[in-house]
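Inspection log for the structure reproduced underneath, given as structure tokens.
Quick caveat, the model's predicted, so the values are computed rather than measured.
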Amino acid sequence: MWVLLSSGLRRWVVFTVAVPVAGRLLAGLGRRVEASSGPTKLSRGLLGAGRLVSSRARKDDPRNARGGLLRRRPR
């Protein structure tokens, strides 16, 4: 099924579904580690990765005014 989707549609699915879910999972895991053992390098790293992924997903959102990743480049 995945192979039948066009590359633009696959990219849209990844950036609208998979990336935000991954960001939330990383941030949630970081919060859980921090709650159990206090702030550590691991918890700060997971929280930072979650923020980075989430901000990147918002930045590349095709609904963004700048067009995000789905904007075609001139050839």
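Judged as a side chain to side chain contact (heavy atoms under 4.5 Å, CB included), and not counting sequence neighbours, R24 has no contacts.
The hydrophobic clustering, which links ILVMFWY residues whose side-chain heavy atoms are closer than 4.5 Å, places V53 and L47 apart.
Minimum interatomic distance between V14 and P20 (heavy atoms only, all atoms of both residues): O-CD, 4.4 Å.
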Which side-chain N or O atoms in residues 29-39 pair as donor and acceptor under 3.5 Å with protein atoms at least two apart or in another chain?
| unit_1 | atom_1 | unit_2 | atom_2 | d |
| --- | --- | --- | --- | --- |
| S36 | OG | R32 | O | 3.4 |
| S36 | OG | V33 | O | 3.0 |
| S37 | OG | V33 | O | 3.1 |

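In this structure, L25 shares a hydrophobic cluster with V21, the cluster being traced through Ile, Leu, Val, Met, Phe, Trp and Tyr side chains under 4.5 angstrom apart.
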